[in-house]
There are 2 protein chains.
Amino acid sequence: MMTFAEQFDRFAQLHLPAHLGDDAILRFRSLARPVDAARDVALGLDEGSDHLVFVSSGAIKLVAHASAGRNQVVAFHFPDELVVVPARAEHSYTLSTLRKSDLLVFDYASFADLARSDPAVLRSLLDTARSSLSRSREKSLTLGRKTATERLASFLVGMAHRIGVEREGLTFIDLPMSRRDIADSLGLTIETVSRQFTILRDLGIVRTVGKSGVQLVDLRALEARAGYLTEAA
Amino acid sequence: MMTFAEQFDRFAQLHLPAHLGDDAILRFRSLARPVDAARDVALGLDEGSDHLVFVSSGAIKLVAHASAGRNQVVAFHFPDELVVVPARAEHSYTLSTLRKSDLLVFDYASFADLARSDPAVLRSLLDTARSSLSRSREKSLTLGRKTATERLASFLVGMAHRIGVEREGLTFIDLPMSRRDIADSLGLTIETVSRQFTILRDLGIVRTVGKSGVQLVDLRALEARAGYLTEAA
DNA sequence: CCCTGACCTTGATTTAGGTCAATGCCGCCA
DNA sequence: TGGCGGCATTGACCTAAATCAAGGTCAGGG
């Protein structure tokens, strides 16, 4: 568990401009609410307003809810990332931890208000929004037009980039999310996700280690099955 | 067709701060490239960089491309809206007109560079990104977890909000996009979209007028079929 | 005004992935 | 360190939507 000071310093270093005056820093600091949550906990955020959440440690998922208990994982987030959690509209959103996590929670409106005249902070918010938008658009393509195999392959390639580590020359991923979370992220069922893992394993493209470990044996083959565009436009 | 001056004035009024100095305005103006495109034309944007496009008139679609010719309409945009068109990454994106349109095209990097110290312009970009992100997340839920009927119902409710007009007390929509575009937006085939229209028509929820007109006879019933969250969280 | 081609609708059949139902296995904690 | 409970895998079967295949219809140009 990180102290509030450690967390805020890390946040400020990554998302606030270096030149910000002490009093300005303090104002942002006073908006930050530290949340130290165990594994698999849904944050009780006020659904009436937007929030901004900084991940100090751990891993989280942002989930959208439709009728009949159907859930869609809209995004996963990892340490040092900033997420915007939308207020409830036609659907509602919840943020949950995948593992024990340290988070800083801000009310979006208050944060944006403090930032309204600071270009550097605004740029940081804009960067955050743009990278979330770009991942969200990729996800639309995956959900709308890809087969189950392609979805899992795309997912694994994406996770390799974000949380993969090199080990014996191969990429290794320690997935913090369950099969259910993967299914809810890819618009599939847990059974289908499991079958796709089996297929990739039988093809020798990945190796699974326990429930959460994945070794990418043949990244090229995985990318080839992800449905990416190959030839020039 | 609108003149460049008309288009830029409209753009500036909506997306640039009122107090901006004349020279600053001129700099933004010099970045704007007017594009007057006929119906169903793909804009030839350099795929190597991001672009910012303002819709002066008409209607456009942003399409993501996967392998094997599969397309996903990632967003539709209408007059007065600003869109970010991403550079090519694992997938490529194209912007096409749905009807004859007047557009202003900016290179994103140049625009952002000019805006980098102006909080008001940055806030405008941030608003654009946030509303695109929020629509994109809703779309993920639709594509990942909704049935064909719910997808079409959600689509029609959304279009009603964006381009619907009141007529004889009912909402009327003149859809600028074809069944193929709707299918590519909802992750379905044109046949399924057509069948869902037939179902909604037979239920008396909508009435179709020609190929593009849709009269929403019973908006409540349509919303009820959209898979929205109903009860309190 | 009517011809034509593109778009849309409808029907028959197929299939990818969902659902239902066991069984297996990991990892945690006593 | 062994037992247990939740997660993951596997198998049999089902169904929503895709695919394949005709027709129908509308809007624009001659």
Side-chain angles (χ1 to χ4, degrees), chain A residues 38-40 61 66 68-72 96 98-100 142-156 174-203 206-214 225 227, chain B residues 38-41 61 66 68-72 98-100 142-156 174-203 206-214 225 227:
Chain A
R39 189 181 156 284
D40 208 25
K61 60 178 174 183
R70 293 169 296 178
N71 298 327
Q72 173 65 42
S96 305
L98 298 172
R99 17 167 125 269
K100 188 176 176 337
T142 300
L143 295 174
R145 288 291 179 231
K146 290 192 183 177
T147 64
T149 315
E150 289 173 334
R151 293 182 199 204
L152 186 60
S154 303
F155 169 79
L156 290 174
D174 181 22
L175 294 174
M177 69 290 282
S178 67
R179 293 290 188 268
R180 160 136 308 287
D181 292 328
I182 297 173
D184 283 348
S185 172
L186 300 180
L188 301 169
T189 59
I190 49 178
E191 292 94 330
T192 299
V193 170
S194 185
R195 281 186 252 267
Q196 297 307 325
F197 262 113
T198 302
I199 291 170
L200 292 177
R201 202 187 306 116
D202 290 352
L203 285 166
V206 308
R207 207 173 296 147
T208 52
V209 183
K211 290 184 177 178
S212 66
V214 182
R225 302 187 145 250
Chain B
R39 191 182 155 283
D40 209 25
V41 168
K61 59 178 173 182
R70 293 169 296 177
N71 298 327
Q72 173 67 40
L98 298 171
R99 22 166 122 267
K100 187 174 177 339
T142 299
L143 294 174
R145 287 294 180 229
K146 291 193 185 178
T147 64
T149 315
E150 289 173 334
R151 293 183 200 203
L152 185 61
S154 302
F155 170 78
L156 290 174
D174 182 23
L175 294 173
M177 68 290 284
S178 68
R179 294 289 188 268
R180 161 136 307 289
D181 292 328
I182 298 173
D184 282 349
S185 172
L186 300 180
L188 301 169
T189 59
I190 48 175
E191 293 94 330
T192 298
V193 170
S194 185
R195 280 186 251 268
Q196 297 307 324
F197 262 114
T198 303
I199 290 170
L200 291 178
R201 203 188 306 116
D202 290 352
L203 285 167
V206 307
R207 209 172 294 149
T208 54
V209 182
K211 288 183 178 180
S212 67
V214 182
R225 305 189 143 248

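The shown structure was predicted, so the numbers you read here are calculated from the model rather than taken from an experiment.
In this structure, Ser194(A) has no side chain to side chain donor-acceptor pair (under 3.5 Å) partners at least two apart in sequence or on a different chain. By the side chain to side chain donor-acceptor pair (under 3.5 Å) test, Lys211(B) pairs with no residue at all, sequence neighbours left out.
Rounded to a whole Å, the CD atom of Gln196(A) is 9 Å from the P atom of dG18(C). To the nearest angstrom, P of dC26(C) lies 16 Å from CG of Leu175(A). Rounding to whole angstrom units, CG of residue Leu143(A) and C1' of dA16(C) are separated by 16 Å. When the P atom of dC7(C) is taken as reference, atom CZ of Phe197(B) falls 16 Å away, rounded to whole Å. Ile199(A) places its CD1 atom 9 Å from the P atom of dG17(C), with the value rounded to the nearest Å. At whole-Å resolution of the value, CZ in Arg179(A) and C1' in dT9(D) are 9 Å apart. Atom CG in Asp40(A) sits about 18 Å away from atom P in dG5(D), given to the nearest Å. Note: CZ (Arg180(A)) to P (dG6(D)) measures 15 Å, nearest angstrom.
Sorted by first then second residue, the salt bridge (Lys or Arg N to Asp or Glu O under 4.0 Å) pairs that include residues 177-194 of chain A, not counting sequence neighbours, are Lys61(A)-Asp181(A), Arg180(A)-Asp184(A), Asp184(A)-Arg145(B).
Residues Thr198(B) and Arg201(B) are in side-chain contact: their nearest non-hydrogen atoms beyond the backbone lie under 4.5 Å apart. Contact check for Met177(A) versus Phe155(A): side-chain heavy atoms found under the 4.5 Å cut-off. Using a 4.5 Å heavy-atom cutoff, the side chains of Thr192(B) and Leu186(B) are not in contact.
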Worksheet item: When you check every protein heavy atom under 4.0 Å of nucleotides 18-30 of chain D, what one-letter string (B, S, -) results, 5' to 3'?
Response: SBB-----SS---

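The CG atom of Asn71(A) sits 9.0 Å away from the OG atom of Ser96(A) when rounded to the nearest 0.5 Å. Between the CG atom of Leu152(A) and the CG atom of Leu188(A) there is a distance of 8.5 Å, given to the nearest 0.5 Å. To the nearest 0.5 Å, atom NZ of residue Lys100(A) and atom CZ of residue Arg39(A) are 13.0 Å apart.
Between the axis at the start and the axis at the end of the helix from dC1(C)-dG30(D) to dA30(C)-dT1(D) there is an angle of 40°, using five pairs per end and rounding to 10 degrees.
In this structure a side-chain-to-backbone donor-acceptor pair under 3.5 Å is present from Arg151(A) to Lys146(A).
At a threshold of 4.0 angstrom between heavy atoms, the contacts of Ser178(A) are confined to the sugar-phosphate backbone, with no base atom among them.
Less than 4.0 Å separates DNA chain C from no heavy atom of any residue of residues 147-154 of chain B.
Of the side-chain N and O atoms in Ser194(A), none sit less than 4.0 angstrom from OP1 or OP2 of dT10(D).
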Item to complete: Go through the steps to decide whether Arg225(B) and Thr149(B) satisfy the test side-chain hydrogen bond (donor to acceptor under 3.5 Å, both in side chains), and finish with yes or no.
Response: CA-CA 7 Å; Arg225(B) 305 189 143 248; Thr149(B) 315; 5.0 Å; no

